[in-house]
Protein chains: 2
Amino acid sequence: MPALSDRIHMLDSETKAVETPEDHAEELRLWLRLLTCTTLIEGEVRGRLRQRFDVTLPRFDLMAQLDKAPDGMTLSDVSKRMMVSNGNVTGLVERLVESGHLDRRTSETDRRVQVIRLTKLGRAEFRRMAAEHETWIADLFADLTPKDVRELMRLLAKTKASAQKSAARRRP
Amino acid sequence: MPALSDRIHMLDSETKAVETPEDHAEELRLWLRLLTCTTLIEGEVRGRLRQRFDVTLPRFDLMAQLDKAPDGMTLSDVSKRMMVSNGNVTGLVERLVESGHLDRRTSETDRRVQVIRLTKLGRAEFRRMAAEHETWIADLFADLTPKDVRELMRLLAKTKASAQKSAARRRP
DNA sequence: CCGAATTGTTTTAAGCCTAAAATGTTTTGA
DNA sequence: TCAAAACATTTTAGGCTTAAAACAATTCGG
């Protein structure tokens, strides 16, 4: 219970700048637990994708983005959505075009822009994988009640907002 | 509210095997949100570590494990704790030994085993980074109340258990 | 005791990922 | 108009990561 240290801090802050190093052990533990959950699930999904479909997780993720955008997306859009670097997307797309899953063309109106889409093959394969993928996720979260799921959604939304705010403070 | 589809499913399951593809959109959305939170925070921490200390996140994570083990750890232990592959640890350790942050020696009692420890330099540098790192995490989670933190901890513990159970079902 | 499994680590091959610099294109504003 | 700024992408250099195979050492069971 952090009440005591909170009190001390508040008393301090009324009189002078805070020098006492504050205790953030709880937040740290929360972060580690969040990371553990994600790593665990991600690893499981990665392994199943490889075993069942011989596909990598990043490839699957990229195709998932494109499946939601029938008219295609620019590389920048994909990069932002996936929260990975531009250069990363370049390579990923290269390999997916090579394997026939993606179609890439230069925009008519802006020659800087590359628009990528799923090919018919790419879409078909993705849909097949996505259907099974969904059951894996359901199984991984099977012990959570619908109420747990709702509550987690809410708290993670709050977490996301908090982290975005903090990131914006540093890099405005 | 999933009550209706739940009912349908329950009625079905009493009479015959379920053929209806079930809807797991909520769990899928939860997973994506979890992943977004982690990616966001991880990216932020990665950037700050690089900027402030010119160190990579995996190096920091490895040092964090060793800081908790004054008598050292074996490579396997580290690999399990970090949830990364053995080969990954080998390379990571190589570079950290090279830079003088780690000490590695073959176990006296079992010549297969490599025991690694933080050097004095490694420990000093880690402690310096960890202190600042803790404030970043606190800031990233700043908008969560203590109650939110407790509740998230509880739900993520449940999530972790559920995922581990699911993983064990597949790979017993 | 000794061959077979097991365990711990390294190697290999391929792909993923980032930050930063470079390249090419479009927009902006004096 | 036209140079500077902004933008989209690619390239570069280095490091991270995995799965699988290879290697080395120990343990186990007959």
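From a predicted model like this one, the values you see are computed outputs, not experimental measurements. Note on naming: letters A, B, ... go to the chains in the order of the sequence lines (proteins, then strands), and numbering restarts at 1 for each one. The figures here come from the full heavy-atom set of this structure, side chains too, leaving out hydrogens, waters and symmetry mates.
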Q | A:L40 reachable from A:L156 in the ILVMFWY side-chain graph, under 4.5 Å edges | A | no
Q. Checking only heavy atoms, does the side chain of A:R112 share a donor-acceptor pair with the base of D:dT9 at less than 3.5 Å?
A. no
Can you identify which nucleotide, out of [options], has its nearest atom closest to the [X] side chain?
{"X": "A:T90", "options": "D:dT9, C:dT9, D:dA19", "answer": "D:dT9"}
{"X": "A:R111", "options": "C:dT26, D:dA8, C:dC16", "answer": "C:dT26"}
{"X": "A:S85", "options": "C:dT10, C:dT18, D:dC16", "answer": "C:dT18"}
{"X": "B:P58", "options": "D:dC16, C:dT9, D:dT10", "answer": "D:dC16"}
{"X": "A:Q114", "options": "D:dT10, C:dC17, D:dT11", "answer": "D:dT10"}

How long is the line joining [atom1] of [X] and [atom2] of [N], in whole Å?
{"X": "A:R59", "N": "C:dA14", "atom1": "CZ", "atom2": "P", "result": "13 Å"}
{"X": "A:L57", "N": "D:dA19", "atom1": "CG", "atom2": "C1'", "result": "15 Å"}
{"X": "B:E42", "N": "D:dC16", "atom1": "CD", "atom2": "C1'", "result": "12 Å"}
{"X": "A:H101", "N": "C:dG15", "atom1": "NE2", "atom2": "P", "result": "14 Å"}
{"X": "B:R95", "N": "D:dT17", "atom1": "CZ", "atom2": "P", "result": "9 Å"}
{"X": "A:N88", "N": "D:dA13", "atom1": "CG", "atom2": "P", "result": "18 Å"}
{"X": "A:E44", "N": "D:dT18", "atom1": "CD", "atom2": "P", "result": "14 Å"}
{"X": "B:R50", "N": "C:dC17", "atom1": "CZ", "atom2": "P", "result": "16 Å"}

(Q) Can you work out whether A:R46 or A:L75 has the more 5'-proximal nearest nucleotide on DNA chain D? (A) A:L75
Q | Most 5' of B:T109 and B:T56 on DNA chain D, judged by nearest nucleotide | A | B:T56
Q. Between B:S166 (side chain) and B:S162 (backbone), is there a donor-acceptor pair under 3.5 Å?
A. no
Q) Are any of B:S79's side-chain N or O atoms less than 4.0 Å away from OP1 or OP2 of C:dG8? A) no
**Q.** Phosphate OP1/OP2 of C:dT10: any B:R104 side-chain N/O under 4.0 Å
**A.** yes
Q.
Please report the interatomic distance CZ(A:R127) to CE(A:M63), rounded to the nearest 0.5 Å.
A. 10.5 Å
**Q.** Minimal non-hydrogen separation, A:D71 against A:V115, with atom names
**A.** O-CG1, 4.1 Å
(Q) Using a 6.0 Å cut-off, check whether atom CZ of B:R117 has over 12 heavy atoms from anything other than its own residue. (A) yes
Q: Scan A:N86 against the nucleic acid and name what it touches under 4.0 Å (heavy atoms): base, sugar-phosphate only, or nothing.
A: base
(Q) Both A:G91 and B:S76 contact DNA chain C. Which one's nearest nucleotide lies toward the 5' end? (A) B:S76
